[in-house]
Amino acid sequence: MSRTLLAAAAVAPLLLAAQAQAQEAVRTGPDEGEPTAVAEVVIPAQATFRNRTDDTVPTLSYEQQYFQRFEPLTVGDALRRVPSVTFLSDVLESDGARLRGLDPGYTQILIDGESVPGAGDDRSFFVDRIPAELIERVEVVRAPSARRSGDAMAGAINIVLRDAYTLDGGYLRAGARYFDNGEWRFSYGAFWGGQFGPGRLLAGLDVSERYNPKNKFSQRFDEPGGTLDNVEVQTDVRDGTDYAFNGAYELPMFGGDLELSTVFVRTDRYEDEDSWEYQDGIITNPNLLTFNDNDTDILTDNLSVRLGWDGPMAGGETDISLNYAMISDEQTEFETESEYLRDATPFPDEDRFTADQTLVDIQDEEWTLRLDHSRDVFGGDAELEFGIDVTLKTRDTSILEADRIRFNVPNAPGVRPTVPPYSGYDPVPGGLSRIEETRIDPFFVFSGSGGRVSWEAGLRWETTDSTIDDMTTSTVDESDYNHVLPSFSFRLNLSEQDRLIASVGRSVRRPNFSFLSPALLEEEFGDSDFIGNPALEPETAWGFDVGLERRLGRRGVAGINFFYRDVQDLIEYVNTGLEGSAGPGTFIYTVDNVGDGTVWGVEFDLSTPLDALGMPDTGVFLNYSWLDSEVEDFLGERRFNGQSDSVLSAGFTHDIPAWELAFGATYFQQGEAFDRFLTEEVTTTYGENLEVFIERRFGERFVLRLTGSNLLNASKDEIFDKFDNLADQVARSYDEYELETEDAGPVWQITGRWTF
């Protein structure tokens, strides 16, 4: 925390100086529908700052140029430079975005304003699936609006992809990344936008080789401060390639504009984890307890296709769109384990080898039809918008396990035996299922502006009918629920430089898919079992945001925002009172809508050039969020699981126009997070992350960048408190106490872009 306060104190004088700048007109982009010259996007001549949007609903907008100089590989990497986004990913990974520190299921991920299915059990979409090269801008929408689905309790992240008017021209990109273990990985891209026949076309292709080598070390004790039982040394290498394509075609038709757009991303990835566990912490072969080889072969496809038309109709403006989105996630995982000290006799005697294989196949599809009409009312002083969203969702899950292979270890320690073919695949409990959801969501919005005030009042009625067909239990469960979701936002211009933005509304979070399964999972929590609850209702929340925003000169902006969420029908684990499969003293647990929770915090953001200090070519940014929450579970009060208590990102860029040179740095750190589940508690801390870049422009057509990331060798450190059952957890009678640290080295990247 001391480093966080020092960083904030260092930037504070810059903010005070920036506030003294002469006030100028706010920076604006090109007119709507006007294509942008490709050189302005790919080779910007100056730093780009956070946009000051005119949206009534509180929204932060960041164009691609804001991130591009640091060459993020994915949208997840880019989001580390916007306020209130945290991750609980492994080192060098940025997958499940946690807006305001909350679980990814509380954050709505949109692509071009449309929801997309994810492979995650919590309905979340991993933002590292989208290459950063495809985006036009990223919007952080802090509050609900009747125009969007209400499942955005923490807020929404809208990933706006390039459309047919984004580029006028084309460019080629090539990059190479070097890792501290001597490995190289490469990336390539080609993008073009321009007039094509009667309309405009955008086409882009990106191929990126992704690689993440990590090392882990664990120490396991019988209790905190107790006897060291064993240590584990682990290597974890994730190696794969992402293939991405996005395209858009727009042309005038029927008095309006017709658009066909698509994005496709394929991830072909292999994860290789090897671990060696040693007795008494002595790392020698005579003390080798186990050798574990855990590999996963992953092939994941994401596809989204949208056909839409908007134009004048029936005295107003009408928007009609049909959107198809799907994810196909296929994984083959095998795990082998050689156990060497199962008895007092040295190798081989009773030593044992086991092998397991699991096949996962998840197919999730969504069709969404949207009809939206808006028209002026009250003589043009206000606008009425109304419409309906109809969504049909189907999710098929297949999780199969092969018969376990087991025999005496025939080889010396550390040498993997030959594994015979796997056979006899059977579904795991709950592993064969189909979930169908039909949502019909009508909405209307009144909005207007007058004088210094603009406002938006809306109402959305979300209805959901679901069917859960579990083939492993031969049961079909049906449920339906509906929620009325009002929202209201307003913006008050206090002066030419200052404005107040406030919003209040209701939002929902639908249950995890695994929580709905009626299958019994034996010994899921220590010695106790778990069974899902198909009758679960979504969580709901009332919340508000209140913020002040100040314009700094021509390009700068600073803002502070306070948010609060009151969550009802919280989903928590409960004891059914039934005896578990392991006999007396064990139970069957489930989940139910019980209790309430609250979430609150303060968010500060600054993005400005230092004109007031005579440094117009130097830009700084500082984002700091203080986050907190409270919920009561089976052991008492805690924060929401996984919520970091703070997150800081700060940095600068500096241009030297005479040399056509630029450089900069970004610093990122998030605070401690805590998770408490039945029989296990986890405390997670992260080290500091530093990234730098240096850029050299060659005329108006070529730019070369060298970037370095993870330069402080940031680590992820976790403390695991493990128990056999709830009674032991209450009494703090430990089954195991584990300390784990994970680290990776610096990554260097050189990237070139050439426009044409």
Side-chain angles (χ1 to χ4, degrees), residues 26 28 32 50-61 99-100 107-108 110 112-115 137-158 160 310 315-319 321 370-389 441-462 483-494 498-508 540-549 551 557 559-566 603:
V26 67
T28 59
E32 184 179 355
R50 194 257 280 188
N51 293 336
R52 193 173 194 243
T53 73
D54 290 326
D55 296 334
T56 304
V57 177
T59 302
L60 307 182
S61 178
L99 196 56
R100 285 149 173 182
T107 299
Q108 182 183 66
L110 305 172
D112 290 332
E114 303 287 347
S115 63
R137 67 182 185 277
V138 171
E139 297 174 341
V140 179
V141 187
R142 286 172 159 166
S145 169
R147 292 186 175 94
R148 302 188 317 274
S149 171
D151 47 348
M153 199 171 288
I157 296 174
N158 184 24
V160 181
D310 66 89
E317 292 289 323
T318 298
D319 187 343
S321 64
R370 181 181 180 89
L371 303 176
D372 185 338
H373 181 78
S374 61
R375 59 194 307 122
D376 291 338
V377 294
F378 305 127
D381 293 332
E383 181 182 81
L384 170 63
E385 180 179 353
F386 56 91
I388 189 169
D389 292 329
D441 305 337
F443 65 91
F444 74 86
V445 178
F446 275 109
S447 60
S449 61
R452 297 187 172 191
V453 176
S454 62
W455 53 272
E456 174 189 302
L459 189 68
R460 187 179 184 92
W461 181 29
E462 295 195 348
H483 295 89
V484 177
L485 306 177
S487 59
F488 177 77
S489 299
F490 80 95
R491 186 180 74 240
L492 172 63
N493 295 322
L494 302 173
D498 303 302
R499 61 188 186 186
L500 172 70
I501 304 174
S503 183
V504 62
R506 191 174 187 232
S507 52
V508 301
T540 62
W542 279 97
F544 66 85
D545 285 73
V546 178
L548 286 169
E549 191 175 271
R551 183 190 302 165
V557 61
I560 187 167
N561 184 72
F562 174 76
F563 70 88
Y564 179 85
R565 299 290 186 270
D566 183 12
E603 303 162 311

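This is a predicted model, so every value here is computed, not measured.
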At their closest point, which heavy atom of Pro58 faces which heavy atom of Ser503, and how far apart are they?
CD-CB, 3.8 Å
Would you compute the distance between atom CG of Asp389 and atom CZ of Arg148 and round it to the nearest 0.5 angstrom?
11.5 Å
For Val508 and Met153, the nearest pair of non-hydrogen atoms, with its separation, is C-CE, 3.7 Å
What is the distance from atom CG of Asp151 to atom OG1 of Thr107, rounded to the nearest 0.5 Å?
10.5 Å
CH2/Trp461: more than 12 non-hydrogen atoms of other groups inside 6.0 Å:
no
For Gln108 versus Ser149, what's the shortest heavy-atom pair and its separation?
NE2-O, 3.1 Å
Ion pair present between Asp372 and Arg147, side-chain N to carboxylate O less than 4.0 angstrom?
no
Could you check whether any side-chain heavy atom of Val141 comes within less than 4.5 Å of a side-chain heavy atom of Asp55, counting everything from C-beta outward?
no
Using modelled atom types and a 3.5 Å cut-off, is there a donor and acceptor pairing between side-chain atoms of Thr56 and backbone atoms of Ser489?
no
First locate atom OG of Ser487, then atom CG of Leu485, and finally report the distance between them rounded to the nearest 0.5 Å.
8.5 Å
Hey, what do you get for CZ (Arg491) to OG (Ser454), rounding to the nearest 0.5 Å?
3.5 Å
Are the side chains of Phe562 and Phe544 in touch, meaning some heavy atoms are under 4.5 Å apart?
yes
Please give me the minimum heavy-atom distance between Leu500 and Val546, naming the atom from each residue.
CD1-CG1, 4.0 Å
Asn51 and Thr53: side-chain donor and acceptor closer than 3.5 Å?
no
Using a 3.5 Å distance criterion without hydrogens, assess whether the side chain of Arg506 forms a donor-acceptor pair with backbone atoms of Val484.
yes
Side-chain (Arg375) to main-chain (Leu384) donor-acceptor, under 3.5 angstrom:
no
Establish, for the pair Arg100 and Phe563, whether the NZ or CZ atom is under 6.0 angstrom from the six-membered ring centre and no further than 45 degrees off its axis.
yes
Run the salt-bridge test on Arg460 and Asp441 with the 4.0 Å N-O cut-off and return the result as yes or no.
yes
What are the two closest heavy atoms between Ser145 and Glu456, and how far apart are they?
OG-OE2, 3.0 Å
So do the side chains of His373 and Leu371 get within less than 4.5 Å of each other, counting heavy atoms only?
no
Separation of Arg499 CZ from Asp54 CG (nearest 0.5 Å):
6.0 Å
Are any of the side-chain heavy atoms of Glu385 and Phe443 separated by less than 4.5 Å?
yes
Residues Asp545, Arg565: salt bridge by 4.0 Å N-O rule:
yes
Taking the side chain as every heavy atom from C-beta outward, state whether Glu317 and Glu383 have any pair of such atoms under 4.5 Å apart.
no
Ionic contact status for Arg142 with Glu603, cut-off 4.0 Å:
yes
State, to 0.1 Å, how close Leu110 and Ala156 come at their nearest heavy-atom pair, and which atoms those are.
CD1-CB, 4.4 Å
Quick one, Val138 with Ile157, criterion side-chain contact (heavy atoms from CB on, under 4.5 Å). Give me CA distance, side-chain angles, the key distance, then yes/no.
CA-CA 7 Å; Val138 171; Ile157 296 174; 4.0 Å; yes
